[in-house]
Protein chains: 2
Amino acid sequence: MIQSVDRAIRILGVLQGARRLSLSEVASRLELPPSTAHGILKTLQAHGMVVQDRDSNRYQLGPAVLKLGNVYLDTLELRSRAVTWSEELARRSGHAVRTGVLTFDEVVIIHHEPRPDGSRQMPEVGIVIPAHASALGKALLAFLPEQVDGLLAGDKLRSMTSETLIDPAVLRSQLTEIAREALATEREEAVLGEAGIAAPIFDASGMAVGAIGIVLPAADWPPAESTFTAVREAARNISRELGASRWPVSV
Amino acid sequence: MIQSVDRAIRILGVLQGARRLSLSEVASRLELPPSTAHGILKTLQAHGMVVQDRDSNRYQLGPAVLKLGNVYLDTLELRSRAVTWSEELARRSGHAVRTGVLTFDEVVIIHHEPRPDGSRQMPEVGIVIPAHASALGKALLAFLPEQVDGLLAGDKLRSMTSETLIDPAVLRSQLTEIAREALATEREEAVLGEAGIAAPIFDASGMAVGAIGIVLPAADWPPAESTFTAVREAARNISRELGASRWPVSV
DNA sequence: AAGACCGTTCGACATTATCGAATGATTCTC
DNA sequence: GAGAATCATTCGATAATGTCGAACGGTCTT
């Protein structure tokens, strides 16, 4: 682990959390001398990874990170496959569809298909959700035992709502159940009023590389049986296109 | 400039260009010993900035860059303002609307409003276009003389089509004209069959912070006079919301 | 008007990144 | 199927490089 590179990424991390920070704020949050932080910040700035406000001197993320994010999406075969089937799933279910991948203890949304009712909805690509508090995350974790160990070895499970699973034992037993069904559900565990259903997506090597699922109002629970089937089928279809031989793959 | 941080960002840069690279490919492109590149890559990997394919051992960008990109968009006041007015401009003009910012010699699209004909269109947020070959870029450059100097001090202007402006003198004179009108146009200079119209957006300090414009088929050129007016008004309205006292601001 | 704060620059120092060499795994070739 | 070649990775000695204290100049506050 290279110290200065590590520090540079940590700086991007605090700017991610706090939007706009002065040099001294960045330095104090990372417990670095201001001059050290300054050198790293200027290097990041030279590449457009951060920009400095002319008036306030404060730093924030720069356009270069957006460019990187966009290229990341383009490189993902999962995403291009998900686009087609998300559309179908949104039509069949009548709900918004999300596809996500796991990074450490979070799910990052890589595709979002709005509810097919024509209303204007915020695109959700790039947003992150704690894995243990989402259907997408649980669907992935159920087939990635190593990641579960990593997750539980870290900080306590963060509570998002009163329904969030924060007991490791409860989470583990639910994941076992999800692995059996290849279907994860979530009821107001991340956001009050929202529920979710998701299923895992596997690649040619049988690895769980993502999950696809729908978001629906908690009031609409339980949805029709056909909705569960539709989610499973979308996941199975994408997995097949990625070269997976079986679905679901056993843990 | 911190060498190792600089190298880390360069690595992200080559992965951005080439999607998926082995360690030795990364190393040779940057003229680094493989062991040096390896150390940096592992640090980036530890933060999810790059991921390594299990089977092929090749590296590619990771989900963390998408997360960063999304937060960048959220921090931009310009973007939130642009959303509302883009919608209006798309409706009035009947064309797709783009809002972009300048980084070095490129324009990065920070918002895209699809053509209001209901057809399915690829979102273009995050894509980059050479500044000298786009209406958005020229609208910005006309009000940022320093950036023009930087642009022309670098490599030769890259030709995208036969119409691309590659002569610095021609570009400079066109920019003078654009600064006078506060309106830039482009006809098949970036993509054959596409034309564009754009106007600069200023913030409270009078700096050109972005540009908004429309993309239309080259065959539809010239559009109605009202279309030009609509673009200028969108830019003026956003500038006003950002606190700009006048529009356009003199160079 | 004086003080406090902040971003920035500079340079001596030692920590830290670097890179060659060695290892082990995997793939290609014959 | 055996041998060769390529590749990612590890390790450690070396010195190059990042680090951080101190000082400067600017701006905002009291």
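Naming convention: chains lettered A, B, ... in sequence-line order (proteins, then strands); numbering from 1 in each chain.
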J.: Considering only NZ, NE, NH1 and NH2 on the basic side and carboxylate oxygens on the acidic side, decide whether B:Asp149 and B:Arg172 come within less than 4.0 Å.
T.: yes
J.: Please name all residues satisfying salt bridge (charged side-chain N to carboxylate O under 4.0 Å, His left out) with A:Glu181, sequence neighbours left out, ordered by chain then number.
T.: none
J.: Does A:Tyr59 place a side-chain N or O at less than 4.0 Å from the phosphate oxygens OP1/OP2 of C:dC6?
T.: no
J.: Reading nucleotides 12-17 of chain D from the 5' end, what letters show protein touch, with B for base, S for backbone sugar-phosphate only, - for no heavy atom under 4.0 Å?
T.: -----S
J.: Are there over 12 heavy-atom neighbours, none belonging to A:Ile166, within less than 6.0 Å of that residue's CD1?
T.: no
J.: Rounded to whole Å, how long is the line connecting atom CG of B:Asp6 with atom P of C:dA17?
T.: 15 Å
J.: Starting at atom CZ of B:Arg54, determine the distance to atom C1' of D:dA8, rounded to an integer number of angstrom.
T.: 16 Å
J.: Give a yes or no on whether a salt bridge exists between B:Arg98 and B:Glu124, defined as a side-chain N under 4.0 angstrom from a carboxylate O.
T.: yes
J.: Over how many whole Å does the gap from B:Asp55 atom CG to C:dT26 atom P extend?
T.: 11 Å
J.: Is there a side-chain polar atom (N or O) of A:Gln52 under 4.0 Å from OP1 or OP2 of C:dC6?
T.: no
J.: Rounded to whole Å, how long is the line connecting atom CD1 of A:Ile11 with atom P of C:dG7?
T.: 13 Å
J.: For A:Ile110, is there any backbone N or O sitting under 3.5 Å from a side-chain donor or acceptor partner on A:Arg79?
T.: yes
J.: Specify the separation, in whole Å, of atom CZ of B:Arg10 and atom P of C:dT18.
T.: 13 Å
J.: Report, as yes or no, whether the 6.0 Å neighbourhood of atom CZ on B:Arg158 holds more than 12 heavy atoms from other residues, nucleotides or ligands.
T.: no
J.: When you match A:Asn57 and A:Val5 each to their closest nucleotide on DNA chain C, which lands nearer the 5' end?
T.: A:Asn57
J.: Can a salt bridge be assigned to the pair B:Glu233 and B:Arg236 using a cut-off of 4.0 Å between side-chain N and carboxylate O?
T.: no
J.: Apply side chain to side chain contact (heavy atoms under 4.5 Å, CB included) to B:Asn57 and B:Leu23, showing your working.
T.: CA-CA 8 Å; B:Asn57 277 336; B:Leu23 169 65; over 6 Å; no
J.: Could you list by number each residue of residues 21-50 of chain B showing a heavy-atom separation from DNA chain D of less than 4.0 Å, or answer none if no residue does?
T.: B:Ser22, B:Leu23, B:Ser24, B:Ser35, B:His38, B:Lys42
J.: Is a side-chain N or O of B:Arg240 found less than 3.5 angstrom from the main chain of B:Trp247, in a donor-acceptor match?
T.: no
